[in-house]
Amino acid sequence: MRPFLFNEKIKEKIQANLLRWFKENQRDLPWRKTKDPYAIWISEVMLQQTQVQTVIPYYQRFLNIFPDLRSLAKAPLSKVLKVWEGLGYYSRARNLHQASQIVLNNFNGRIPDRLEDLLRLPGVGKSTAGAILSIAFNKKAPILDGNVKRVLSRLIAFSNDQRKERGENLLWQISQSLIPKGVARTFNQALMDLGSMICTPRHPNCQDCPLMKLCQGFGSGKPESYTPSSFRKRIPHFFGIAAIIQKNEKVLLIQRPPEGFLGGLWEFPNWRIGRNERRLSVRLRNKIKEEFGIEVIVKNDLGPFSQAYSHFRLTLQVFSCEYLHGNGMGRWISIKKLDQFPMSRIHRELSRVI
DNA sequence: AATCCGGGGAC
DNA sequence: GTCCCAGGATT
């Protein structure tokens, strides 16, 4: 297949218009105040599938606690997960932690500035590597995040059907080919800002776009149609029961396995149940006895707690329980220290109602 | 090529 | 409620 190339004049116009626009309109973001590759790496990982406004407080806090690569590499994973708590996609925190140790050991603590080295770090894919190379090192490396995909797709009127047939290689090529010499850092950030501020998914503000006259999506009259159509499957709704088991001033927590869903996070004992199950408190007491070997009295129904995940919805019916006797797995945690343990959102909410 | 992996902002 | 976010890893 012939590589896609803009006419040289068009390309220069795109570059000039975008850079001019960026100079006046760029967002003021905390990670733009630094050129520290470590800090930029942190920001890029946090920004994976996560909106800028959500990331900002996490980024500030993370860098206060782990100001440099060594401090991150030397920290226990549980502490990293704790700082990450609430941000989601916790494998990012695990990968970041592991990658920081690789960088410390194999690269003398310096974030590598070669694509092949970056791609070997867990949690760094092509787009994050491109962002680090361009933003931290001003190298001519392409990025292709959600914003840039949309901007470039509209720019060349790359339809969803074409995207399905041809994949995204074309968009990568264009992203690469557009970068002007010497200003990769600025240009890539300009592409992202355009995508988030002007070339938005549903109602792009074409009238304010510096690329309007050069944009084939605008020319087509239907710039909204170039966002990938997602046939969202109906997500299942799961139900469960959870127990806050108190013994003196402590409660029973279990830690999830280190990999997979919410890996490494702590939670209150909980079990899936059917949608229409009854006698939940009896069910819960039996479960606790079977799995933990602990006898309890189920006391209060603390009500339902719900959380929507990407692929399912969960509603937990929560009961407070009084410990009687027995011993098993799990860990008794002082209620005062619950805040120190990384938890997913719904379990953090439970910890607040004790 | 599909699917898993969180949580939240915007509408 | 829906859509989507500065994606990566796994299968």
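Below, chain A is the first sequence line, B the second, and so on; all start at residue 1. Quick note: numbers below take in every heavy atom, side chains included, and nothing from hydrogens, waters or symmetry partners.
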How would you label the contact of [X] with the nucleic acid (heavy atoms, under 4.0 Å): base, sugar-phosphate, or nothing?
X: A:S344; answer: sugar-phosphate
X: A:G195; answer: nothing
X: A:L29; answer: base
X: A:R150; answer: sugar-phosphate
X: A:R27; answer: base
X: A:L87; answer: base
X: A:Y89; answer: base
X: A:W31; answer: base
X: A:V52; answer: base

Write down the distance between [atom1] ([X]) and [atom2] ([N]), rounded to a whole number of angstrom.
X: A:Y309; N: B:dC4; atom1: OH; atom2: C1'; result: 14 Å
X: A:D145; N: C:dG7; atom1: CG; atom2: C1'; result: 9 Å
X: A:M197; N: C:dC5; atom1: CE; atom2: C1'; result: 16 Å
X: A:F22; N: C:dA6; atom1: CZ; atom2: C1'; result: 12 Å
X: A:Y90; N: C:dA9; atom1: OH; atom2: C1'; result: 18 Å
X: A:L144; N: C:dG7; atom1: CG; atom2: P; result: 10 Å
X: A:M46; N: B:dG6; atom1: CE; atom2: C1'; result: 14 Å
X: A:L314; N: B:dG7; atom1: CG; atom2: C1'; result: 14 Å

Flag yes if more than 12 heavy atoms outside A:K247 fall under 6.0 Å of its NZ atom; otherwise flag no.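 Above 12, so yes.
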Around atom NZ of A:K13, are there more than 12 heavy atoms of other residues, nucleotides or ligands at under 6.0 Å?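 Incorrect, the count does not exceed 12.
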Does the base of B:dG7 carry an N or O that pairs as donor and acceptor with the side chain of A:T50 under 3.5 Å?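 Side chain to base: no pair present.
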So that I know where these two stand, are A:H311 and A:Y309 an aromatic pair - ring centroids less than 6.0 Å apart? no
Looking at [options], which one has an atom nearest to any side-chain atom of [X]?
X: A:M192; options: C:dA6, B:dG7, C:dC4; value: C:dA6
X: A:T128; options: C:dA9, C:dG7, B:dG8; value: C:dG7
X: A:L262; options: C:dA6, C:dG8, B:dG6; value: B:dG6
X: A:R202; options: C:dT2, C:dA6, B:dC5; value: C:dT2

Given DNA chain C, 5'-ward residue of the pair A:P201 and A:N95, judged by closest heavy atom: A:P201
Between A:S344 and A:R256, is there a side-chain donor-acceptor contact under 3.5 Å, judged purely by atom types and distance? no
Using atom P of each nucleotide, how far apart are B:dG6 and C:dT11 to the nearest Å? 15 Å
Between B:dC4 and C:dA6, how far is it from one P atom to the other, in whole Å? 23 Å
When the nearest nucleotide of DNA chain B is assigned to A:Q48 and to A:Q51 on a heavy-atom basis, which residue is associated with the more 5' position?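 Looking at the nearest nucleotide for each, A:Q48 comes out on the 5' side.
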Comparing A:Q53 and A:R92 on DNA chain B - which has the more 5′ nearest nucleotide: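 Upstream on the strand: A:R92.
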Under the 6.0 Å and 45° cation-pi test, does A:R61 pair with A:Y58? yes
Parallel, tilted or perpendicular: rings of A:F238 and A:F312 (30°, 60°): tilted
Phosphate OP1/OP2 of C:dC4 contacted by A:Q49 side-chain N/O (<4.0 Å): no
Would the distance check show the side chain of A:R92 and the main-chain N or O of A:Q48 forming a donor-acceptor pair, the cut-off being under 3.5 Å?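 Confirmed, A:R92 side chain pairs with A:Q48 backbone.
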